[in-house]
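Input: a single structure, listed below in structure tokens.
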Amino acid sequence: MMVPLSAADWSLALAGGALIGLAAAGLMLAFGRVAGVSGLVRNALAGRLEAIAFILGLPLGALLVQGLTGGGGAVFLASPGRLMLAGLLVGIGAGLANGCTSGHSVCGIARLSPRSLVATLLFIAVGAGMVALVGVPGS
């Protein structure tokens with residue numbers, strides 16, 4: 001089922017993309033670190049404060065936007081078990097690719113990294129293949 005996006009949806013998506021870009025650039029300029037979430041989680045678990053702040057900012061930013069726009073809460077279209085399996089597979093893929101979608105797709109392509117382009121194309125292909133294989137939950 002396709003849901004058309006409103007002008008407000010497009011505005012929020014553009015603002016979100018701009019904020020992700022600004023946060024990634026800020027992390028690179030301030031700490032010389034690539035904003036890949038898998039690496040940031042690893043660094044947060046090791047106690048690096050900038051990684052902890054970045055990781056905490058992800059859900060807090062979503063809550064801030066929800067509060068400012070009056071948007072509804074998160075809607076999960078799959079069971080908790082299916083979401084955990086999906087997260088595990090994403091983690092395995094990020095490990096195999098030596099980075100996740102945010103690190104390769106947002107930062108790596110911006111740095112003109114050939115391996116990030118290959119990783120991003122593989123992420124897209126595998127994601128499309130999984131949707132074709134198991135479908136979209138709730139549809």
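The structure displayed is predicted, hence computed values, not measured ones. Only this structure's heavy atoms are used, side chains among them; waters, hydrogens and symmetry mates stay out.
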task = Could you note down all residue pairs passing side chain to side chain donor-acceptor pair (under 3.5 Å) where residues 54-78 supplies at least one of them, sequence neighbours left out?
result = none
note = Between Gly99 and Phe123 the two heavy atoms that sit nearest each other are O-CZ, 3.6 Å
ask   = Which distance, rounded to the nearest 0.5 Å, do you find between the CG of Leu122 and the OG1 of Thr101?
value = 13.0 Å
Contacts table for residues 39-46: side-chain donor-acceptor under 3.5 angstrom, sequence neighbours left out:
from	atom 1	to	atom 2	distance (Å)
Asn43	ND2	Gly39	O	3.3

Leu133 reachable from Val126 in the ILVMFWY side-chain graph, under 4.5 Å edges = yes
ask   = Given the rule that I, L, V, M, F, W and Y join up when any side-chain heavy atoms are under 4.5 Å apart, are Phe31 and Leu58 in one cluster?
value = yes
query = Would Leu96 end up clustered with Leu88 when hydrophobic side chains under 4.5 Å apart are linked, directly or stepwise?
reply = yes
query = CG of Leu27 to CG of Leu22: how many Å apart, nearest 0.5 Å?
reply = 12.5 Å
request  = Kindly indicate whether the side chain of His104, heavy atoms from C-beta on, has any atom under 4.5 Å from the side chain of Leu117.
outcome  = no
ask   = Arg115: what forms a salt bridge (Lys or Arg N to Asp or Glu O under 4.0 Å) with it, not counting sequence neighbours?
value = none
task = Would you check if Arg33 and Met28 make a side-chain contact, meaning some heavy-atom pair closer than 4.5 Å?
result = no
ask   = Where do Gly36 and Cys100 come nearest, in terms of heavy atoms and distance?
value = C-SG, 4.0 Å
ask   = Do the side chains of Leu12 and Val65 get nearer than 4.5 Å, heavy atoms only?
value = yes
ask   = Do you know which two heavy atoms are closest between Ser116 and Gly108, and how far apart they sit?
value = OG-CA, 3.2 Å
message = Within this structure, what is the CD1-CD1 distance for the pair Ile52 and Ile55, rounded to the nearest 0.5 Å?
response = 9.5 Å
